Amino acid sequence: MLTSRIIPCLDIDNGRVVKGVKFANLRDAGDPVEQATRYEQDGADELVMLDVSATTSGRETALETVRAVRSALSIPLSVGGGVRSVEHALALLRAGADKVGVNSAAVENPSLLRELADKVGAQCVVLSIDAATRVEGNGWEVVTRAGTHRTGIDAIEWSASASSMGAGEILLTSFDQDGTRSGYDTDLLRAVRSLTTLPIIASGGADNSTHMLDALIAGADAVLAASIFHDNDTTPNAIKLELRASGIEVRT
Amino acid sequence: MTQVTIIDTGIANTASVSAAFERLGCDVALSHDPGLIDDAPLVVLPGVGNFGAGMRAIRSCKLDGVIIDRVENNRPLMGICLGLQLLCDASDESPGIEGLGIINAMVTRFSDDIRTPQHGWNRVGDGYAYYSNTYRIETFPEGWDGETSTHGAPFVAYLQRGTTLACQFHPELSGAWGANLMREWIENAKEVVSC
């Protein structure tokens, strides 16, 4: 049986790991290869790296970081952040990413996912969705450009179209919950789960294994977290022991 | 140093496979040259993406005969993911396209009522392997041994015959367990070739 995945996330800026709250206030949190290696040893099932560099030179550095992490890591590596073209995505795959996440660019150019999937297969293509509660409070809308742009697009309908657009997986981040450590948005997860059979990675809001259990029960196949692993509050293995005690199948 | 040649027809992401063999201390080369692949001691056929595109790439590089010949003569070959499927007779993914016909099996799609693609770690024997697939073979053809995993129903995780090893999962992404399987394949291969 397929096990539930625990996925630490590294935000990378100019070759360094950083961490912020609600995509802002970045602070330095270490060397990517060192962190990635430690996470693998601590039981991570996969690693997500998001390039948050705002500059061209930062993005060049990100390719180097992917190469360095790939060479050390023997678990899957998914890379996203600022991927705007098929060429950029292919460069990340060649550098050693196993999957590439596309976020804002998919909203601006939905055919990008299909072009990419036709070249590398849907299993390498992740649709990253940042979903925020609508200002008027009904449902969720897709936000892009690190949460600064509200698109008005219904996040649930957007998720439901992921498979037909060419994605093989959905990375679903709750913009409201991100960095708050108050739990994943399980209503959002349930709503998306009811409309797609694609694997869903839940993201945004994790503080502990109970939050992860809630997300998995709500329909996530994998749970992503950044702060709790960066800050050494817990490890993927510790989380897994607790999840297993709750009846969730995990790799140990 | 053990020489490993990875077949690079442009259809696979070879970086992870290269890195995994390098971590095992191998000297890794990428090639789509039939002569080099015929001569190489250890050959890996990786692959992601579409079955039809994979077969077209193999045929256009004139690698089909070389790969078939290697397996028939028990010269070491490892197929990974689509690399396993290309060794089979055909696939539901690309009707009408013939595979290499080395593994006498039909590649079929996971049923609609389970999660596809199968992304993640699934139990194989005493360990866990990382999968990223929508298609698989369901039973072992005569002459092949191996293990199964279960996703909805049992399917073939890997098959082995002599020094041919074909994995539906990605050993290069399967942590220490995967590295160990790759090491065993190399050790097994060294009994028939010097490398």
Side-chain angles (χ1 to χ4, degrees), chain A residues 1-7 40-41 43-47 66-78 89-100 116-126 163 167-170 193 196-201 219 221-222 240 249-252, chain B residues 8 10-24 30 47-51 53-54 81-82 93 110-124 127-135 149-154 169-180 182:
Chain A
M1 186 183 156
L2 208 54
T3 62
S4 297
R5 286 172 281 159
I6 310 298
I7 306 179
E40 178 175 339
Q41 286 163 355
D45 293 310
E46 183 171 334
L47 193 73
V66 170
R67 268 183 215 108
V69 169
R70 168 76 286 150
S71 119
L73 206 66
S74 64
I75 56 173
L77 175 63
S78 189
L90 293 177
L92 290 167
L93 290 168
R94 274 194 297 271
D98 300 296
K99 295 184 266 192
V100 174
L116 192 54
D118 285 347
K119 280 200 191 307
V120 298
Q123 73 283 352
C124 296
V125 181
V126 180
S163 177
E169 190 166 57
I170 296 171
R193 175 79 290 155
T196 181
T197 59
L198 284 184
I200 300 172
I201 303 174
D221 301 279
K240 285 177 176 183
E249 190 142 351
V250 288
R251 174 183 74 111
T252 48
Chain B
D8 180 18
I11 56 153
N13 177 20
T14 55
S16 299
V17 182
S18 296
F21 278 105
E22 280 165 3
R23 282 193 298 274
L24 292 173
L30 300 178
V48 294
N50 177 279
F51 183 89
C81 197
L82 181 67
E93 187 177 17
F110 282 122
S111 71
D112 286 335
D113 53 353
I114 52 164
R115 202 81 82 237
T116 49
Q118 174 186 215
H119 260 320
W121 297 78
N122 203 331
R123 189 168 268 288
V124 180
Y128 290 94
Y130 183 82
Y131 286 93
S132 177
N133 67 310
T134 301
Y135 295 83
S149 291
T150 300
H151 187 51
F169 51 81
H170 288 270
E172 78 280 13
L173 300 176
S174 296
W177 184 86
N180 193 47
M182 292 165 75

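Computed from a predicted structure; not experimentally measured. Side chains are part of it too, since the values below use all heavy atoms of this structure and drop only hydrogens, waters and symmetry mates.
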What part of E172(B) is in contact with chain A, defined as an atom under 4.5 angstrom from a non-hydrogen atom: side chain, backbone, both or neither?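 The backbone, not the side chain.
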
Part of R115(B) within contact of chain A (heavy atom distance under 4.5 Å):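 Backbone plus side chain of R115(B), per the 4.5 Å heavy-atom cut-off to chain A.
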
Determine, stepwise, if the pair H151(B) / L2(A) fulfils side chain to side chain contact (heavy atoms under 4.5 Å, CB included). CA-CA 7 Å; H151(B) 187 51; L2(A) 208 54; 3.7 Å; yes

For a quick test of reading the model, state the closest non-hydrogen atom pair linking G96(A) to A15(B) and the distance between them. CA-CB, 3.5 Å

Of all heavy-atom pairs between P199(A) and P117(B), which one has the smallest distance, and what is that distance? CG-O, 3.4 Å

For the [atom1] atom of [X] and the [atom2] atom of [Y], what is their distance to the nearest 0.5 Å?
{"X": "R251(A)", "Y": "R123(B)", "atom1": "CZ", "atom2": "CZ", "value": "11.5 Å"}
{"X": "T116(B)", "Y": "L198(A)", "atom1": "OG1", "atom2": "CG", "value": "7.0 Å"}
{"X": "S149(B)", "Y": "M1(A)", "atom1": "OG", "atom2": "CE", "value": "13.0 Å"}
{"X": "H170(B)", "Y": "S74(A)", "atom1": "NE2", "atom2": "OG", "value": "14.0 Å"}
{"X": "D45(A)", "Y": "L173(B)", "atom1": "CG", "atom2": "CG", "value": "12.5 Å"}
{"X": "E46(A)", "Y": "W121(B)", "atom1": "CD", "atom2": "CH2", "value": "9.0 Å"}

Using non-hydrogen atoms and a 4.5 Å limit, figure out which bit of [X] sits close to chain B: side chain, backbone, both or neither.
{"X": "L90(A)", "value": "neither"}
{"X": "D221(A)", "value": "side chain"}
{"X": "A72(A)", "value": "backbone"}
{"X": "A97(A)", "value": "backbone"}
{"X": "A117(A)", "value": "neither"}
{"X": "Q123(A)", "value": "both"}

Before giving the answer on side chain to side chain contact (heavy atoms under 4.5 Å, CB included), spell out for R5(A) and H119(B) the whole-Å C-alpha distance, their side-chain angles and the decisive distance to 0.1 Å. CA-CA 9 Å; R5(A) 286 172 281 159; H119(B) 260 320; 3.8 Å; yes

What residues form a side-chain hydrogen bond (donor to acceptor under 3.5 Å, both in side chains) with Q118(B), not counting sequence neighbours?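 Scan of Q118(B) (side-chain hydrogen bond (donor to acceptor under 3.5 Å, both in side chains), adjacent residues dropped) gives N122(B), N133(B).
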
Below 4.5 Å, heavy-atom pairs only: which of G175(B), A19(B), G120(B) has the largest tally toward chain A?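 Result: the option with the highest number of such pairs is G175(B).
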
Among the options I114(B), D113(B), T150(B), D112(B), pick out the one with the most heavy-atom pairs lying under 4.5 Å from chain A.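 Highest number of pairs under 4.5 Å: T150(B).
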
Hey, mind stepping through Y128(B) and T3(A) against side chain to side chain contact (heavy atoms under 4.5 Å, CB included) and telling me if it holds? CA-CA 9 Å; Y128(B) 290 94; T3(A) 62; 3.5 Å; yes

All side-chain contact (heavy atoms from CB on, under 4.5 Å) counterparts of S71(A), not counting sequence neighbours: none

Does the side chain of S16(B) pick up a donor-acceptor pair with the side chain of R70(A) at under 3.5 Å? yes

